[in-house]
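Before any comments, here is the structure.
Whatever order the structure lists ligands and atoms in, that order sets their numbers, starting from 1.
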Amino acid sequence: MYILGIDTSCDDTSSAILEDGKRVLSNIVHSQIKVHHPYGGVVPELASREHIRNILPVVKEALHKAGITIKDLDAVAVTSGPGLMGSLLVGLYYGKALSYSLSIPMVTVNHLEGHILSIFLEKEPPAFPYIALTVSGGHTSIFEVRNFGKYRTLGQTLDDAAGEAFDKVAKLLGLGYPGGPIIERLSENGRADAIQFPRAFMGKDSLNFSFSGIKTAVSLYYKRYREDKTLQESVKIEDIIASFQEAVIDVLVQKSILAGKSTEINTIVLAGGVACNSKLRDRLIDEGDKEGIKVYMPSPQYCTDNGAMIALAGYQRIIRGERADLSEDVMPKYPIEKLSSLQ
Ligand code: KG4
Ligand code: ZN
């Protein structure tokens, strides 16, 4: 069974061909970084126009790389939310047109379910249940994952997402976009303990996050830094960057471990674009080890937005008989609890 997975939820036009629900035959991602770079963040209007330009060539390339033709497709899985309205519309309506013209079933996928299940694209996925920490530019959430289609939100950010904090701090320091990879690279030359930026734990038992305070703290510190020559002699810009990264990682790691301990689930899966961060990956593995918690993470290509995770989540729904109605609309806000349970 060949499933075409499509994701146009934010600024990447992605499509993939998945065979029999596990083998990725192709996974093509057209990044829009160059388009949004001058603005230091994603410009929704530009993103949707770029998706319109790129969706056909990206699907064509995915089919070509997989060595199949459009007529070989058995089903199409497409993200219907959460995400940017205009971007989601491009993928969903392309999927509808394909499903109608080829007379193949379509299933709509919640983008977060894609991230939660992305670990199944790897050779040795964990057993259920597990805790999923999904950290990206749009989301920072902790889920309890009982089975395919069975999720419970344990905590989420009350303001900015962790990736958004990376992007905003990079913008205010004039580093470029997207901020995450740049901050990770520059942090290697900085002292992570140089500045104690605030860690918002929101109470010792809370699994919610807040990252807007740290962004403000970095902004205030940087303002003072630029005006203070003596401070500049003792603190490098890389020290500020590394200290910021350390504070974000501290919170993400501690909350994930807390989620594992409080639910007595000893498996954590890391997902989403921020999960590419090797410091976060290493710290979570180390802290997990100390608590007897095993940590799994997809390879970086499946951490950032991709069509393969959408095809995989879609496959699980298709084999259970789920089908999308062609009148279905996008859902820019699409809480995981709205998703139909599969078992
Ligand atoms: O999952 P993703 O590709 O798209 C969204 O759904 O948002 O995640 C993109 C986010 C951006 O905010 C980017 O700065 C962040 O992931 N990111 C990173 C790293 N690579 C990407 N954050 C920290 N460290 C990284 N190495
Ligand atoms: Zn994402």
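At a heavy-atom cutoff of 4.0 Å, ligand 1 is contacted by the side chain of D167 but not by its backbone. Here H115 has side-chain heavy atoms under 4.0 Å from ligand 1, and that is the only part of it that gets that close.
Looking only at protein N/O/S atoms, the ones less than 2.8 Å from the Zn ion (ligand 2) make 3 in total.
Ring geometry, F128 versus F148: the interplanar angle exceeds 60°, so the pair is classed perpendicular (tilted spans 30 to 60°). Using bins of under 30°, 30° to 60° and over 60° for the plane-to-plane angle, the ring pair H111/H115 lands in the perpendicular bin.
In this structure a side-chain-to-backbone donor-acceptor pair under 3.5 Å is missing from D228 to R224.
Residue contacts with ligand 1: F166 is placed with no nitrogen or oxygen under 3.5 Å of a nitrogen or oxygen of the ligand (distance criterion only). Ligand 1 has an N or O atom lying under 3.5 Å from an N or O atom of G180, backbone or side chain. Not one N or O of D12 is nearer than 3.5 Å to an N or O of ligand 1, by distance alone.
Using a cutoff of 4.0 Å between basic side-chain nitrogens and carboxylate oxygens, E113 and R317 are scored as salt-bridged.
The line from OG1 of T134 to CD1 of I336 is 8.0 Å long, rounded to the nearest 0.5 Å.
Annotation for Y39: hydrophobic cluster partners, listed by chain and number, are V35, V43, L46 (ILVMFWY side-chain heavy atoms under 4.5 Å, direct or chained).
Atom 9 (C) of ligand 1 has G137 N, 3.8 Å as its closest protein atom, hydrogens excluded (heavy atom only).
Residue-ligand proximity, G138 to ligand 1, at heavy-atom distances under 4.0 Å covers atoms 7 (O). When each atom of ligand 1 is checked for a heavy atom of H111 under 4.0 Å away, the hits are 6 (O).
Across G41, S187, G273, heavy-atom proximity to atom 21 (C) of ligand 1 is greatest for G273.
Under the 4.0 angstrom criterion for non-hydrogen atoms, H139 is not in contact with ligand 1. Residue contact annotation: C10 has no non-hydrogen atom under 4.0 Å from ligand 1.
Each of I268, I131, L284, I285 was scored for a side chain to side chain contact (heavy atoms under 4.5 Å, CB included) with I293, with one residue passing: I268.
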